Amino acid sequence: MTDIKLSNAQIAWRAAQDIEDGAYVNLGIGFPEMVARFQPEGKQAIFHTENGVLDFGKAPEPGDEDWDLINAGKKAITLKPGTAFFDHADSFAMVRGGHLDVAILGAYQVAQNGDLANWSTGKGGIPAVGGAMDLVQSARRVAVLTDHVTKTGAPKLVSHCTLPLTGVGCVTRIYSSLAVIDVCDGHFVLREKLPSCSMEELQALTGAPLHTDGPVADLICPEELA
Amino acid sequence: MTDIKLSNAQIAWRAAQDIEDGAYVNLGIGFPEMVARFQPEGKQAIFHTENGVLDFGKAPEPGDEDWDLINAGKKAITLKPGTAFFDHADSFAMVRGGHLDVAILGAYQVAQNGDLANWSTGKGGIPAVGGAMDLVQSARRVAVLTDHVTKTGAPKLVSHCTLPLTGVGCVTRIYSSLAVIDVCDGHFVLREKLPSCSMEELQALTGAPLHTDGPVADLICPEELA
Amino acid sequence: MDKRISSAAEAVAEIPDGATVMIGGFGGSGAPIELIHALIDQGAKHLTVVNNNAGNGHVGLAALIEQGRVDKLICSFPRSADPSVFVETYKAGKIELEIVPQGTLAERIRAGGAGIPAFYTPTAFGTEVAEGKHIEVFDGRSYVRERWLKADFALIKGELGDPHGNLTYRMAARNFNPVMATAATTTIAQVSSFVPLGGIDPEHVVTPGIFVQRLVEVPTPAQEEELNRAEAVYP
Amino acid sequence: MDKRISSAAEAVAEIPDGATVMIGGFGGSGAPIELIHALIDQGAKHLTVVNNNAGNGHVGLAALIEQGRVDKLICSFPRSADPSVFVETYKAGKIELEIVPQGTLAERIRAGGAGIPAFYTPTAFGTEVAEGKHIEVFDGRSYVRERWLKADFALIKGELGDPHGNLTYRMAARNFNPVMATAATTTIAQVSSFVPLGGIDPEHVVTPGIFVQRLVEVPTPAQEEELNRAEAVYP
């Protein structure tokens, strides 16, 4: 079993490479927010945040925060030329109406049919769904960023989710710490994997069969993000 | 049968007297628009028009029209301090959401249960409903301005409508050329009538029983509007 | 990313025969006359058009209908000062008409843009407009179920537009334009002025650019009412 | 007609025990802290509160909950930097929680304001949040039916307000405020500045006055985030 895996920054970098020029993108709270740092040269993504801002800028310098100007993670953001404000009903009209090109979220589990579980560990505690259930059912592409396995080594890519679902059949691509995997017609289809990780190792860490429908590329990310 | 009846201006004047200070009011195309001229001293109504304007001013002088600034009747209007613009979905959210205090419309027929027919003579021709069906089902009060009888002398206040309905059980008060009549629990209840018109005459011109539940006042309107 | 296009002709070039096209405006206020005329020049046929009205005189939507290009019209109020084009086409059986109450029309379009496939409204309950529709009682009151309305294209008229498609409108010319912008696969806006990014205060954006695919500048747009007073005919 | 009130205390005076109260804001952004604190002072109990979150620290909504005044909370995300007040109240069984996906929450409120008793959404289909709800298939896809959400009172925060209640908002502090304004019988707005009629450009009005019943000026409103960084506690 390989010890080498991608850092969160590398996973976010890899996901950023697939965002088309001019795409409207929503980044989930936490780790997915990191994707905004890695927009490739010459491609411009426009970021949407659930609380009613489109096309916002980077985080302000500490001390320069305006707490009326935040993202869905309640972190301070900034204006840029082209920013637009709107209310929550309009914000989710954008989401639900299918106007977002990509939503990028974290996951507890993703099933081979595209089911996603990312809101509840099922252990009781206080439920909190936020905007994820809206995003995953309606964005044109739903990408998941995740470690390939849990902290205890259990697969997060599974034959079917055992945790409470966020959405059914919604995930289109998974960027894991070991591989890039698409969900196609109820199967996981491997697109890229770390060169250091064999097919057998990867399959052993994955809870459902990995299919291929062509060559599997090497998953190479910038070393400096490791 | 009496020959004396109120002019349209007098009917509009009478309706205007009942509009509460601060009321949000929608006036139907044509004759009902006249109500705006007769707001009583000290009472301020705020007018809504379906095409997305709240609190607009009077018609401009001929030649001063801006055809981007019109009412639902496609007549030019003017701005005033406090005007707000919004889109059609928001405009009918106001209507359907029950935010209008009064809608004032014309009628072909009103039934004693409050059913209103005002959009189709039922003779074929080209149907056209506009915003009336939305307004009558959702405004808090729905007032009708009408001649008491048709041009051929047939009652317009009827036991049940024979023309295609605009809305069911929606009319709350009728300002006719002869009387002011409320719709209460499926009955016409007479509130005011022209002094020159006897109860017997009025009943003969009305297609359903006129009830009373108290004194019937004299319907007196300014002579100069006759 | 720059959504600006240099001409109305180019902006409407790919609208195919049989397309469903929403056209903004309420009467002449907010009607994108230059885009409609470009669509007439372009030649697409068998269109389904969604508009509040049915055109006036012989310009704009009336001209599109007069050219025999509209198979079906979905509207609330097919009347105007001079509705002769629509009336004659309708009486000749050459155009299908779907009448929708104005608020229901606006809400069906809003639902199309907002991903709501159906909703309930009190409007038209008990009338012939609701015949055949699903009725349901909530809290003792009866409501009609209505479906969303979407389009392949929307032709709309704004006032200012930036390269990302953020738009403002001019006074009551706003009307159906912002909501139609949300409900079409491809929304094409004509604006009186292009402004650079940042040229519209973020607080004053009415249509965020996410809803707009292309925009074209028409610096002094024709006003349908004035064209009709001048008895204009297009083409 | 003048909807301006001289104090927050007076503005919230008539909110009774058992009322349903929508409170604007997303986290601290747009949260009407002074109105919430006035409601704490006022004493109404057994409230049902609708808010996106569940409060943070010991001010605003968290303080209202800490005072034992909220029987039920309808929200999408009861987490924050310091959610201890809600967590303890919830674990003690002293508050009922209804979790609603954020977009469905916004749309249910919008439906309440717009007279739509129910609508269909793809959100939450197949999840436990949709359990027991009516499901319907449109065009081959499954949707969940959701009901409107209305309130007796809405407490919202705006930026400018004129005597008729026309409002603007400040940046992302807009969020739930405009839509909650539409869905309450009585909407009470605190604004940073009163302006005279005409002080807001008609093109820039976000909430038309028809949706606002009372407004109060709070010239330098507290920002929840800053109160929490200063470890403030109310009262």
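Heavy-atom basis, side chains included; hydrogens, waters and symmetry copies ignored. Quick caveat, the model's predicted, so the values are computed rather than measured. Proteins come first, then strands; the chains are lettered A, B, ... in the order of their sequence lines, and each starts at number 1.
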Crowded around [X] [atom1]? As in, over 12 foreign heavy atoms under 6.0 Å?
X: K91(D); atom1: NZ; answer: no
X: K75(A); atom1: NZ; answer: yes
X: D185(A); atom1: CG; answer: no
X: K58(A); atom1: NZ; answer: no

Quick one: what part of [X] sits under 4.5 Å from any heavy atom of chain A, side chain, backbone, both or neither?
X: V87(D); value: both
X: L97(D); value: side chain
X: N53(D); value: side chain
X: Y90(D); value: side chain
X: R108(D); value: neither
X: R110(D); value: side chain

Is [Y] close to [X] at the side-chain level, that is, under 4.5 Å between some pair of heavy atoms?
X: R170(D); Y: D66(A); result: yes
X: E128(D); Y: W119(A); result: yes
X: F125(D); Y: V168(A); result: yes
X: V129(A); Y: V129(D); result: yes
X: N51(A); Y: S29(D); result: no

Of all heavy-atom pairs between [X] and [Y], which one has the smallest distance, and what is that distance?
X: P122(D); Y: Q137(A); value: O-CG, 3.5 Å
X: D87(A); Y: R174(D); value: N-CD, 3.8 Å
X: A89(A); Y: V179(D); value: CB-CG2, 4.0 Å
X: R79(D); Y: I126(A); value: NH2-O, 3.6 Å
X: P101(D); Y: M133(A); value: CG-SD, 3.9 Å

Where on [X] is there a heavy atom nearer than 4.5 Å to chain D: the side chain, the backbone, both, or neither?
X: T166(A); value: backbone
X: V53(A); value: side chain
X: F92(A); value: side chain
X: A93(A); value: neither

Out of F26(D), F77(D), Y169(D), return the one with the most heavy atom pairs under 4.5 angstrom to chain A.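 The residue among F26(D), F77(D), Y169(D) with the greatest pair count is F26(D).
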Between P78(D), A81(D), G25(D), S142(D), who has the most heavy-atom pairs with chain A when the cutoff is under 4.5 Å?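 Of P78(D), A81(D), G25(D), S142(D), P78(D) has the most heavy-atom pairs under 4.5 Å with chain A.
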With no hydrogens and no angle check, is any side-chain donor or acceptor of D134(A) less than 3.5 Å from a backbone partner on G103(D)?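 At least one qualifying donor-acceptor pair exists.
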[X] [atom1] to [Y] [atom2] distance, which is reported to the nearest 0.5 Å:
X: R229(D); Y: W67(A); atom1: CZ; atom2: CH2; answer: 4.0 Å
X: T127(D); Y: D115(A); atom1: OG1; atom2: CG; answer: 11.0 Å
X: M171(D); Y: I70(A); atom1: CE; atom2: CD1; answer: 10.5 Å

Partner chain D: residue of G167(A), G169(A), G131(A), C170(A) with the largest heavy-atom pair count (under 4.5 Å):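 So the answer, after comparing G167(A), G169(A), G131(A), C170(A), is G131(A).
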For chain D, find which of P164(A), S138(A), P127(A) contributes the most heavy-atom pairs closer than 4.5 angstrom.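 Most heavy-atom pairs within the cutoff with chain D belong to P127(A).
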Test side-chain contact (heavy atoms from CB on, under 4.5 Å) on H88(A) and Q102(D) and set out the steps. CA-CA 9 Å; H88(A) 242 88; Q102(D) 199 171 127; 2.8 Å; yes
